[in-house]
Protein chains: 2
Amino acid sequence: MKRNLEIIDYKENTEALARFAKALGHPTRIAILKHLEAQSCCFTGDLVDVFPLAQSTVSQHLKELKNAGLIQGELKPPKIKYCINQENWKIAKSLFENFFG
Amino acid sequence: MKRNLEIIDYKENTEALARFAKALGHPTRIAILKHLEAQSCCFTGDLVDVFPLAQSTVSQHLKELKNAGLIQGELKPPKIKYCINQENWKIAKSLFENFFG
DNA sequence: TTGGTCAATCGTATATTTGCGATAAGAGAT
DNA sequence: ATCTCTTATCGCAAATATACGATTGACCAA
């Protein structure tokens, strides 16, 4: 049943795209990702210095980006180094490219 | 002051991108846009038939897409024909392309 | 003017998001 | 064990988002 598979893919792609888009739907999160793109990686504390937000708020945005799969954290005690999750980044990129045609 | 202009552009692009992303951050709105892409245009009623949602809910999603500038409505009494706003679509496309690198 | 059709808007309820300060948790160093 | 540094989580308040049914408004036809 090729048709069903296509429908499922369509549905899954739609929801995956919406999930990524939702994660990108806040200026601070876009800025965090731009920062990570430019620096390749950075620590939470660096971001707290850059944005006029409380540490807990920055941490929450990082959590959402992590839940969406766009970033990943690596333990570098006593800090945590955040980087873009290249694998999912590529998936998101291709979903958006495909979407915008 | 080139530097200031760059900062402003950076800030504006970040916010514009977040606004577009936010509008795309719901499966129904992605699906509506995919539908419009495929059909080029369609009426609200068609969408109400396609999605398992109340008419008022679909209308609300259309309003958000319109506010984000991604679609536009044309009066075709007694119906309204919705199409993708090609101009802003291109802007969104290039913002995302630029963002994902 | 009246009626019919279609879509937007109004209330309303519920859920989610965003932000903060305060607190807890994890991992060395002393 | 205790202290320090860094980050996550908790608890809360305010704002926003999502969905619905009911109502209103716009337009054309009879």
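Letters go in sequence order (proteins before strands), and every chain restarts at 1. Given the structure is predicted, the values throughout are model-derived calculations rather than measurements.
For the pair B/Lys79 and B/Phe43, the cation-pi test (distance below 6.0 Å, angle within 45°) is passed.
Atom CZ in A/Phe51 sits about 18 Å away from atom C1' in C/dC20, given to the nearest Å. Distance CG (A/Leu24) to P (C/dT17): 14 Å, rounded to an integer number of Å. B/Lys79 places its NZ atom 17 Å from the C1' atom of C/dA8, with the value rounded to the nearest Å. Here the C1' atom of nucleotide C/dT18 and the CD1 atom of A/Ile32 are 13 Å apart, to the nearest Å. Whole-Å rounding puts the A/Arg19 CZ to C/dT16 P distance at 15 Å. Between the CG atom of B/Leu62 and the P atom of C/dC6 there is a distance of 16 Å, given to the nearest Å. Atom NZ in A/Lys63 sits roughly 14 Å away from atom C1' in C/dG19 (whole-Å rounding). As a whole-Å value, the separation of A/Ile71 CD1 from D/dT7 P is 12 Å.
Contact of the A/Val50 side chain with the A/His35 side chain is registered, since non-hydrogen atoms from C-beta on lie closer than 4.5 Å.
Note on ring orientation: taking the six-membered ring where Trp is involved, the planes of A/Phe96 and B/Phe96 are parallel (angle under 30°, cut-offs 30° and 60°).
Proximity of B/Tyr82 to the phosphate of C/dA8: a side-chain N or O atom is located under 4.0 Å from OP1 or OP2.
If you take CZ on B/Phe20 and CG on B/Asn88, they are separated by 5.0 Å, rounding to the nearest 0.5 Å. With rounding to the nearest 0.5 Å, the separation of NZ in B/Lys81 from CG in B/Asp46 is 11.5 Å. Remark: A/Gln72 CD to A/Ile80 CD1 distance equals 13.0 Å, nearest 0.5 Å.
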Checklist line | Nucleotide-resolved protein contact map, nucleotides 14-21 of chain D, B/S/- at heavy-atom distance under 4.0 Å | finding: --SSBBBB
Between N or O atoms, less than 3.5 Å apart, protein on one side and nucleotides 27-30 of chain D on the other: list the pairs.
none

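With sequence neighbours excluded, the residues forming a salt bridge (charged side-chain N to carboxylate O under 4.0 Å, His left out) with A/Glu97 are A/Lys93, listed by chain and number.
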